[in-house]
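Structure first, then comments.
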Amino acid sequence: VVNLRGVIVPIVDMRLKFNLAQASFDEFTVVLTGTLVVETKTGTLRVNAGQAVHTPAGEWVRYSTPDPDGAHYIAVCVPAFSMETVKRDE
């Protein structure tokens, strides 16, 4: 459970509960305030406060926000983020 400024966000990896194989670098993003625009090669999503989006391992993704005050969000990477496993645009 993550508590950020009074917003409670439960985070559970069900793969652990059911002894499933661990995926490589899935990203789960939860928007706390504002709106996040999530672009992938297959489309664009508007993710509002209280919503979440899952980006599968290996998928290209870009975040932006249309709000002048921006957005607050938490990105959880499974397994944990590292510079060796992330793919950055040049």
Checklist entry - Cluster question for you: counting only ILVMFWY and a side-chain heavy-atom cut-off of under 4.5 Å, with indirect links fine, are Val37 and Val31 together? => result no

Checklist entry - Hey, are the side chains of Leu36 and Arg46 touching, using non-hydrogen atoms and a 4.5 Å cut-off? => result no

Checklist entry - To the nearest 0.5 Å, how far apart are CG in Leu32 and CD in Gln51? => result 12.5 Å

Checklist entry - Can you name the closest pair of heavy atoms from Trp60 and Glu39 and give their distance? => result CZ3-O, 3.7 Å

Checklist entry - Is Asp26 reaching over with its side chain to a backbone N or O of Ala57, donor-acceptor style, under 3.5 angstrom? => result yes

Next on the checklist: I want to check something: taking the side chain as every heavy atom from C-beta on, are Glu27 and Pro56 in contact at a cut-off of under 4.5 Å?
Outcome noted: no

Checklist entry - To the nearest 0.5 Å, how far apart are CD1 in Ile74 and CZ in Phe28? => result 14.0 Å

Next on the checklist: Quick one: does any side-chain atom of Asp67 pair with a main-chain N or O of Gly34 as donor and acceptor, under 3.5 Å?
Outcome noted: no

Next on the checklist: What's the separation between atom CZ in Arg62 and atom OG1 in Thr44, rounded to the nearest 0.5 Å?
Outcome noted: 8.5 Å

Checklist entry - So, Tyr73 versus Thr65: side-chain donor-acceptor pair below 3.5 Å or not? => result no

Checklist entry - What's the verdict on side-chain contact (heavy atoms from CB on, under 4.5 Å) for Thr29 and Tyr63, showing C-alpha distance, side-chain angles and the deciding distance? => result CA-CA 10 Å; Thr29 305; Tyr63 297 117; 2.8 Å; yes

